[in-house]
Asks: 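Okay, here's the structure, questions in a sec.
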Amino acid sequence: MSKEKIALFTIFGGTGDLAKRKLYPSLYRLYKKGYLAEKFAVIGTARREWTDDYYREIVVNSIQDLVESPEHAQEFASHFYYQSHNVTDIEHYDILKLLSETLDTRYQLEGNRLFYLAMSPKFFGVISQNLKDCNLLTAEGFNRLIIEKPFGHDYESALELNNQIRASFEENQIYRIDHYLGKEMVQNISAVRFANNMFEAMWNNRYIDNIQITLSESIGVEERGGYYDTSGALRDMLQNHILQVISLLAMEPPTRLQDKEIRTEKIKALQAVRLFKPEEVSDYLVRGQYGPSSISGEELKGYREEFNVAPDSQTETFVAGKIMIDNFRWSGVPFYFRTGKRLTNKGTQIDIEFKNVPLNLFDNNDEPLPPNVLTIYIQPIEGFSLELNTKKVGLGLETETLQLEHKHSAETTANSSEAYEKLILDCLNGDSTNFTHWDEVASSWKFVDIIRKAWDNEIVEFPNYPSGSMGPVESDQVLTKDGFKWHWCPDKQ
Ligand code: BG6
């Protein structure tokens, strides 16, 4: 059976950064692998006036590191068309409709349409409504909508946005992107859990002491200060990526590895996340903002000096905290997390710390044995490690901790499919497993809103961590007061 997918892609925001950095390269990768062949076309839209030729040049430029040959790149780019478009102007949708129909016939696209909204979320509602009202949705093929984050800035705005979109698209036609769900090792969480009895049997509060999730970035906000200053780490990373990772770690085994079953379990896990009382927020969470520093002779700006950031900004660029999941499996197990900009390293990893043996026969001067820790390295390294206590070679019964480790080779990592490539292919296949369901978005906002409101009521002393560190010292205290410590300490290595 041919693996070729048939579709017309309409990209709103076709001149933008996301389209150039992620979407065109991902489409090209799918083209190289034969998932896209003859029967596909792409319409790029944005306000600017571009010609098809100019647009194709931009597309070719965006894939130059990947191209097989200049002819192959040209052949790929010949499927791209540009349409200048004002998203609020109804007449422009009529032109888009005509072009869509022409391309549908030219490339035999069977009425399959994938609309990609890679632009400001304030237009998501109006675009989806106009697509429907102006008859751009077909009766004969599929109509799917891919939406980039942020999906609202709190529960109320997300609900309003969802209602607007749902007036034109059914839930099963909406694909809300969280690019973390396309990452190789995030997708591996389910395999580790459900394909190894050794772990699944222990994946609960009887054997796990705590779970630590770190999403650390070494870069600052770069040119995105305008967006970031209204978002902060809470909305930018916790509401989506971190809670999604937690839902995968915490969910019950689904009955089948299919979208409906997996999402049902993820939703249940997120609904069991404990909602804090406003006065409890400071017991569970810590926020920070990076200040200037000099690293290896390089002067790094503080957040407040970044472009488009208010000089007295109260926006957090770091958040750490503890999440509790009040269900049978996880009662009493803290899920610690931290994420921030301008930290020591770029790295995402999950450390699962198991409880110690009930009686320590290898007690060494009352020193407890180190816990067994399963680490899932998400990026840039991909792999696993497991720390075990063993006997030291030689006389006596002294123990040492060994690390069993598997890391994907640099070549495997470099060749593994990019998150956007996987997610676009999933969408073409109608598989929404790795996209967030509205109920997940809703639960996540309800959790985050409480924190945001509590924080917005207080003025804090920022900045409170220097660039290049692992955030404010208080982030360590979130764990130490429970008798734990961060397993991964890149700043101390
Ligand atoms: C995005 C955030 O969702 O994720 C960015 O908006 C952040 O601020 C990025 O830098 C991190 O993604 P990754 O894949 O580089 O870990």
Side-chain angles (χ1 to χ4, degrees), residues 2-14 16 18-20 22-31 33-46 55 59 76-77 79-83 85 87 93 96-119 121 123-124 127-132 134-149 151 165-166 168-179 181-182 259 417-436:
S2 159
K3 60 181 180 182
E4 181 181 359
K5 308 292 163 208
I6 302 172
L8 172 66
F9 297 81
T10 306
I11 300 180
F12 292 87
L18 180 80
K20 289 187 259 186
K22 298 288 182 190
L23 306 187
Y24 303 145
S26 297
L27 291 174
Y28 183 64
R29 286 197 176 94
L30 293 174
Y31 184 67
K33 293 177 185 166
Y35 289 106
L36 296 177
E38 290 309 314
K39 297 183 181 176
F40 85 98
V42 180
I43 305 177
T45 78
Y55 181 44
V59 170
F76 169 72
H79 291 253
F80 284 67
Y81 297 80
Y82 186 78
Q83 183 63 56
H85 184 89
V87 293
Y93 289 84
L96 203 55
K97 179 169 185 278
L98 275 181
L99 178 58
S100 305
E101 284 165 358
T102 309
L103 296 179
D104 205 314
T105 312
R106 186 176 304 161
Y107 292 96
Q108 301 166 44
L109 303 177
E110 301 174 7
N112 290 339
R113 302 214 169 148
L114 197 156
F115 302 97
Y116 202 121
L117 309 192
M119 60 186 312
F123 299 121
F124 291 173
I127 297 174
S128 24
Q129 189 190 338
N130 286 341
L131 287 174
K132 180 163 189 223
C134 301
N135 299 316
L136 271 116
L137 309 186
T138 60
E140 62 278 18
F142 63 67
N143 296 283
R144 296 181 186 144
L145 186 71
I146 302 191
I147 304 180
E148 276 294 329
K149 67 170 258 237
F151 198 88
I165 297 173
R166 283 298 310 277
S168 311
F169 289 85
E170 296 297 325
E171 175 65 32
N172 65 9
Q173 296 176 308
I174 306 171
Y175 291 74
R176 298 177 194 83
I177 288 248
D178 183 315
H179 76 284
L181 297 181
D259 47 7
S417 301
E418 223 264 330
Y420 274 90
E421 175 190 347
K422 286 195 205 174
L423 296 174
I424 292 173
L425 182 59
D426 283 351
C427 180
L428 286 166
N429 285 327
D431 178 354
S432 48
T433 309
N434 295 312
F435 295 84
T436 35

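Residue numbers count from 1 along this sequence.
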Asks: Within the distance-only criterion (no hydrogens, no angle test), does the side chain of Thr436 pair as donor or acceptor with the backbone N or O of Arg176 below 3.5 angstrom?
Replies: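 It does hold such a pair.
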Asks: Return the CD to OG distance between Gln83 and Ser100, rounded to the nearest 0.5 Å.
Replies: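 Between Gln83 CD and Ser100 OG, I get 9.0 Å after rounding to 0.5 Å.
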Asks: Any side-chain heavy-atom pair from Tyr175 and Asp426 closer than 4.5 angstrom?
Replies: no
Asks: Nearest 0.5 Å, what's the CD1-CZ distance between Ile174 and Phe151?
Replies: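 With rounding to 0.5 Å, CD1 (Ile174) is 6.5 Å from CZ (Phe151).
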Asks: With a 4.5 Å limit on heavy-atom distance, are the side chains of Tyr81 and Thr102 in contact?
Replies: no
Asks: Once you measure the plane-to-plane angle for Phe12 and Phe115, does it fall in the parallel (<30°), tilted (30-60°) or perpendicular (>60°) bin?
Replies: tilted
Asks: Check Ala118 against Leu18 and note the closest heavy-atom contact, atom names and distance.
Replies: CB-CD2, 3.7 Å
Asks: Using atom types as modelled and distance alone, determine if a side-chain donor or acceptor of Asn434 lies under 3.5 Å from a backbone N or O of Leu423.
Replies: no
Asks: Sub-3.5 Å donor-acceptor pair from the side chain of His79 to the main-chain atoms of Phe40, do we have one?
Replies: yes
Asks: Among Phe80, Tyr28, Tyr82, which one satisfies side chain to side chain contact (heavy atoms under 4.5 Å, CB included) with Val59?
Replies: Phe80
Asks: So, taking the atom named CG in Leu428 and the one named CG in Asn112, what distance separates them when rounded to the nearest 0.5 Å?
Replies: 9.0 Å
Asks: Where is the tightest heavy-atom contact between Ile43 and Tyr55, given as atom of each residue plus distance?
Replies: C-OH, 4.4 Å
Asks: Keeping Glu4 on the side-chain end and Glu38 on the backbone end, is there a donor-acceptor pair under 3.5 Å?
Replies: yes
Asks: Nearest 0.5 Å, please: how far is CG in Leu425 from CG in Leu27?
Replies: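 Interatomic distance, Leu27 CG to Leu425 CG, rounded to 0.5 Å: 11.0 Å.
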Asks: Do Gln108 and Ile6 make a side-chain contact, defined as non-hydrogen atoms from C-beta onward lying under 4.5 Å apart?
Replies: no
Asks: Got a second to check how far Ser26's OG is from Glu418's CD, nearest 0.5 Å?
Replies: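 Those atoms lie 5.0 Å apart.
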Asks: First locate atom CD of Glu148, then atom NZ of Lys22, and finally report the distance between them rounded to the nearest 0.5 Å.
Replies: 10.5 Å
Asks: At their closest point, which heavy atom of Ala19 faces which heavy atom of Pro25, and how far apart are they?
Replies: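 Minimum heavy-atom contact is O-CD, 4.0 Å.
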Asks: Please check if the side chain of Arg113 supplies one atom and the backbone of Gly141 the other of a donor-acceptor pair under 3.5 Å.
Replies: no
Asks: Hey, is the main chain of Val87 close enough, under 3.5 Å, to the side chain of Tyr93 for a donor-acceptor pair?
Replies: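 It does hold such a pair.
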Asks: Assess whether side-chain contact (heavy atoms from CB on, under 4.5 Å) is satisfied between Leu23 and Tyr420, documenting all intermediate values.
Replies: CA-CA 7 Å; Leu23 306 187; Tyr420 274 90; 3.8 Å; yes
Asks: Hey, are the side chains of Lys149 and Asp178 touching, using non-hydrogen atoms and a 4.5 Å cut-off?
Replies: no
Asks: At their closest point, which heavy atom of Leu8 faces which heavy atom of Val42, and how far apart are they?
Replies: CD1-N, 4.5 Å
Asks: Could you tell me whether the side chain of Leu131 reaches within less than 4.5 Å of the side chain of Phe169, counting heavy atoms only?
Replies: yes
Asks: Would you say the side-chain atoms of Tyr116 pair up with the backbone N or O of Gly14, donor to acceptor, closer than 3.5 Å?
Replies: no
Asks: Are any side-chain N or O atoms of Ser168 and backbone N or O atoms of Ser128, one a donor and one an acceptor, separated by less than 3.5 Å?
Replies: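 Answer holds: yes.
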Asks: For residues Asn135 and Lys97, report the shortest heavy-atom separation together with the two atoms involved.
Replies: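 Result for this residue pair: O-CE, 3.1 Å.
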Asks: Is there a donor-acceptor pair under 3.5 Å between the side chain of Lys3 and the backbone N or O of Lys33?
Replies: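 Side chain of Lys3 to backbone of Lys33: a pair is present.
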Asks: Begin from the C-alpha positions of Lys422 and Ser417 and carry the test side-chain contact (heavy atoms from CB on, under 4.5 Å) through to its verdict.
Replies: CA-CA 6 Å; Lys422 286 195 205 174; Ser417 301; 3.8 Å; yes
Asks: Would you sort out whether Leu117 and Phe123 count as a side-chain contact (heavy atoms from CB on, under 4.5 Å), showing the intermediate values?
Replies: CA-CA 9 Å; Leu117 309 192; Phe123 299 121; over 6 Å; no
Asks: For a side-chain contact (heavy atoms from CB on, under 4.5 Å) check, start with the C-alpha distance between Ile165 and Ile147, then their side-chain angles and the critical distance, and finish with the verdict.
Replies: CA-CA 10 Å; Ile165 297 173; Ile147 304 180; 3.4 Å; yes
Asks: Look only at the side chain of Asn143 and the backbone of Thr138, and say whether a donor-acceptor pair between them is shorter than 3.5 Å.
Replies: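 Such a contact is found between Asn143 side chain and Thr138 backbone.
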Asks: Run the salt-bridge test on Glu170 and Arg166 with the 4.0 Å N-O cut-off and return the result as yes or no.
Replies: yes
